[in-house]
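One structure is given here, and the rest of the page talks about it.
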2 protein chains.
Amino acid sequence: MANTAKFDRREVLEKATRLFWQKGFHATSTRDLQQAIDMRPGSIYAAFGSKSGLFREVLHFYADDMARRLQGCMDGEDATIDGLRAFFRQILLQGGDNAPSELCLLAKSLSELEKDEAELLQETRTLLAATEENFRRHVERAVAAGELSEQASPALLARQLQVELIGLRSYLRATGDREAVGELVDNLFCGLLPAGR
Amino acid sequence: MANTAKFDRREVLEKATRLFWQKGFHATSTRDLQQAIDMRPGSIYAAFGSKSGLFREVLHFYADDMARRLQGCMDGEDATIDGLRAFFRQILLQGGDNAPSELCLLAKSLSELEKDEAELLQETRTLLAATEENFRRHVERAVAAGELSEQASPALLARQLQVELIGLRSYLRATGDREAVGELVDNLFCGLLPAGR
DNA sequence: AGCAAAATTGAACGACTGCTCAAGTACGGG
DNA sequence: CCCGTACTTGAGCAGTCGTTCAATTTTGCT
């Protein structure tokens, strides 16, 4: 080899993620991307293959970041339920100011991708399933630790959390009503996970 | 006037709605539309002004249809809760085969529209708010009829229904798991609205 | 029947799309 | 220090986008 003065792939993915997250896959043009990540077409296509290829990596980048945030919330709280609630609060009520969109990028992609982009759609579904599986693992641990009744079904609770999080993020985008969303989160964690009660 | 041999506006809107609902606003080209509604560009632009103008009417057409479906479910059941549950079941478990998308067109539009199409985004938010208000009215009636505790907040319950319906539709698109969604609906109407129990 | 007005048609416009590739640049190894 | 190679550049391709408009067809009224 002879030349290695390359771009910072992590930094590029972060910027691309912000743009795709804000505008969506279709509405983001390759020229928008060129400007956002400061690369010329040739370099982009050499590094990522295509717009779809870049988006594919962006989806993974986003999902990894979400998983890391969830783990951070779990580590920061003693009880599993408190960790989950902290995660919901972080996603819905905190990061909202500098986040590119109120919505989940995966849910947004799930919404706009079609059979024409079957691979990306499949990728999105897989990553969403991994998120749900992640929730399930945490709920399972809470049951094992005696935080939740042994009758609680981790699979069902994880599904409910997934449904709620996506629904709440949509609601936030629809109304911008942080107060209402906060109340909904409180009700969710009182009603859905009646912890040591 | 001299010529009135026009297209059937209702029929055109129905076909346009199906296409937009399936592909979304951005991914639907005017040529797709021309074919779907069997009209040439000049006629379309004379009748609807622009792609956005047509989409605007499509959003209303869809929202009206949803409101009609909800009313139909309420009329078909004695108790308010049974009507709401029938509506959830119809949207989530029945019509799915010939519906253009598992998702709510309003939620889908909310997801893909941006500041560039501010009017359409505002329209979408308004129609979603009307849907929530519709839920609220029904819940209020249920409280007045003694079906629900007087402590139940109609506004809160309506918000929860809105969040759940959008979340469940997303989940159905993500997984295609009708069985799981059915279970989630059952749990929702047991847990959220503990009627005369 | 014949006319004026409304409705329809389809070719075409400029702008934009995702993407390619020949030419130019910058670096590590000898 | 210079060569060879990996990387970068940006003009430009073929195709599609939303939209316009002169020409044509279709209609209701007289």
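A note on names: the letters A, B, ... follow the listed sequences, proteins ahead of strands, and every chain is numbered from 1.
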Pairing of R136(B) and E133(B) as salt bridge, 4.0 angstrom limit:
yes
Aromatic contact, F20(A) with Y62(A) (centres under 6.0 Å)
no
If I take atom CD1 in residue I44(B) and atom P in nucleotide dG10(C), what distance separates them, rounded to the nearest angstrom?
12 Å
Scan nucleotides 13-25 of chain C nucleotide by nucleotide, 5' to 3', and note B when protein non-hydrogen atoms come under 4.0 Å of the base, S if they reach only the sugar-phosphate, - if neither.
----BBBBB----
Distance in angstrom units between D8(A) CG and dC7(D) P, rounded:
16 Å
Identify whether the distance between the nearest side-chain nitrogen and carboxylate oxygen of D65(B) and R69(B) falls below 4.0 Å.
yes
Expressed in angstrom and rounded to an integer, what is the separation of M39(B) atom CE from dT19(D) atom C1'?
15 Å
Take the protein atom NZ of K6(B) and the nucleotide atom P of dA6(C), then report the distance between them rounded to whole Å.
11 Å
Side-chain heavy atoms under 4.5 angstrom apart, residues restricted to Ile, Leu, Val, Met, Phe, Trp, Tyr: same cluster for L103(A) and L121(A)?
no
Distance in angstrom units between Q35(B) CD and dT9(C) C1', rounded:
17 Å
Does the ring of F25(A) carry K108(A) above it, NZ/CZ under 6.0 angstrom from centre and within 45° of its axis?
no
Rounded to whole Å, the CZ-C1' distance (F48(A) to dT8(D)) equals 14 Å
Closest approach of A47(A) to R9(A) (non-hydrogen atoms, all atoms of both residues)
O-NH2, 3.4 Å
Distance, rounded to the nearest Å, where F7(B) contributes CZ and dT27(D) contributes C1':
16 Å
Rounding to an integer number of Å, can you tell me how far D38(B) CG sits from dT8(C) P?
11 Å
